[in-house]
*Asks:* 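My structure is below; once you've seen it, I'll send some questions.
Whatever order the structure lists ligands and atoms in, that order sets their numbers, starting from 1.
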Amino acid sequence: MLPYENLNQSNKSFFKDYQTKFNQFLEKGWFILGNEVAEFEKEFAQYSQSKHCIGVGNGLDALSIILKALAEKYDFSQNNNEKTEIIVPSNTYIATILAILQNGFKPVLVEPDIKTYNINPVEIEKAITPKTKAIMPVHLYGKVCQMDKIQEIATKYNLLIVEDAAQAHGANFNNQKAGSFGIANGFSFYPTKNLGALGDGGAITTNDSELNEIIRSLRNYGSSKKYYNEKIGYNSRLDELQATFLRIKLQKLDEINNHKRKLAKIYLENLKSDFILPVVEKNFHDVYHIFAIRHEKRNELKEFLLKNEIQTEIHYPIPPAEQKALEGVLDKTNFPIAKQVHQTILSLPISYCHTENDILRVIEVMNIF
Ligand SMILES: *Cc1c(COP(=O)(O)O)cnc(C)c1O
């Protein structure tokens with residue numbers, strides 16, 4: 001069976017370094033917010049072309065803490081009938097929407113562009129009301145959103161941008177990296193992400209020194225001086241051990257991304273035209289967290305591949321608006337483009353563990369379908 005992902009295999013080339021550093025970690029005996037987190041924060045800020053990076057517990061917390069910090073700095077005060085509105089894509093992973101709900105704000109879902117699967121700037125503008133405070137573009141599948149247009153809209157209506165860059169470590173648009181466009185931006189280091197830890201992890205990037213201070217306090221019980229609590233905070237710190245592993249992997253992130261880009265190129269050049277392939281556009285450096293194709297007979301295709309010993313995934317089978325958790329939460333529940341994407345999309349193997357021959361095998365079977 002050709003697996004969709006094999007995390008043991010994908011991490012194998014790092015084992016030796018992981019083990020060496022793990023032994024040092026044991027000897028040191030410093031487990032929370034130590035030197036490894038501090039160094040990783042410096043290195044990841046630099047990698048992501050940002051002034052500051054704050055390590056947190058996971059990607060969801062990153063987004064949730066950002067919104068809480070923004071509400072403090074920019075006064076998102078609201079009464080119950082006048083909830084602060086935040087714009088998100090209708091086909092995102094549910095985490096983006098949960099971060100908004102956790103803060104008591106209202107998620108306003110906007111349809112994606114059917115060609116890129118990223119939020120459609122034209123639709124963003126239509127969804128803006130006097131209650132809108134922020135736009136959360138999600139760089140889905142490792143492709144940066146149309147950030148020039150989104151920034152134009154944000155400037156025009158005086159809105160903040162918060163990137164959900166959980167799928168886009170190292171992706172860029174016009175040579176500007178994901179995680180450097182917004183006022184503050186969230187990353188996840190969930191093990192399957194392009195920069196994956198060996199457990200949960202996340203980070204926030206920002207160029208704003210005041211937000212940096214607020215977020216640092218929020219992730220650590222709302223405290224910047226031990227046992228003095230200024231804010232109602234969270235316990236959401238990037239684990240010292242995960243930071244140790246992440247520092248090793250960060251050095252190879254470009255290599256991981258280039259490997260995925262090389263595999264993507266093989267798909268793009270060899271899959272037959274029956275499949276709707278990811279678009280490749282000038283000035284976009286995509287990192288293919290996911291290689292998603294579309295086909296009207298998606299379910300049969302998935303079955304066919306499985307019969308031929310090839311595992312695939314669906315990102316995602318159910319659009320957020322149709323999730324039980326969001327029943328009665330959203331104003332609008334009809335999102336035909338999101339629905340179409342969710343019904344026809346299929347993720348093909350494209351991991352660091354896969355070889356060019358693996359991809360050629362997938363292509364061979366796909367082209368028979
Ligand atoms: C993975 C992911 C998240 C959440 O990350 P966790 O670390 O699992 O909390 C958020 N948004 C998107 C788009 C993701 O893919």
*Asks:* Got a salt bridge between Asp331 and Lys106, using NZ or NE/NH1/NH2 to carboxylate O under 4.0 Å?
*Replies:* yes
*Asks:* Would you call Lys133-Glu85 a salt bridge at under 4.0 Å N-O?
*Replies:* no
*Asks:* Step through the shown structure and confirm whether more than 12 heavy atoms of other residues, nucleotides or ligands are within 6.0 Å of OH on Tyr93.
*Replies:* no
*Asks:* What do you reckon, is CD of Gln46 surrounded by more than 12 foreign heavy atoms closer than 6.0 Å?
*Replies:* no
*Asks:* Hey, can you pull the donor-acceptor pairs under 3.5 Å for the side chains in residues 315-322, sequence neighbours left out?
*Replies:*
from   : atom 1 : to     : atom 2 : distance (Å)
His315 : ND1    : Ser347 : OG     : 2.7
Tyr316 : OH     : Gln167 : NE2    : 2.9

*Asks:* So, Arg361 and Glu364, do they make that salt bridge, N to O below 4.0 Å?
*Replies:* no
*Asks:* Extract all N/O-N/O pairs under 3.5 Å that connect ligand 1 to the protein, and present each with both atom names and the distance rounded to 0.1 Å.
*Replies:*
from     : atom 1 : to     : atom 2 : distance (Å)
ligand 1 : 5 (O)  : Ser188 : OG     : 3.2
ligand 1 : 7 (O)  : Gly59  : N      : 2.8
ligand 1 : 7 (O)  : Ser188 : OG     : 2.7
ligand 1 : 9 (O)  : Gly59  : N      : 3.2
ligand 1 : 9 (O)  : Leu60  : N      : 2.9
ligand 1 : 11 (N) : Asp164 : OD1    : 3.3
ligand 1 : 11 (N) : Asp164 : OD2    : 2.8
ligand 1 : 15 (O) : Gln167 : NE2    : 2.8
ligand 1 : 15 (O) : Lys193 : NZ     : 2.8

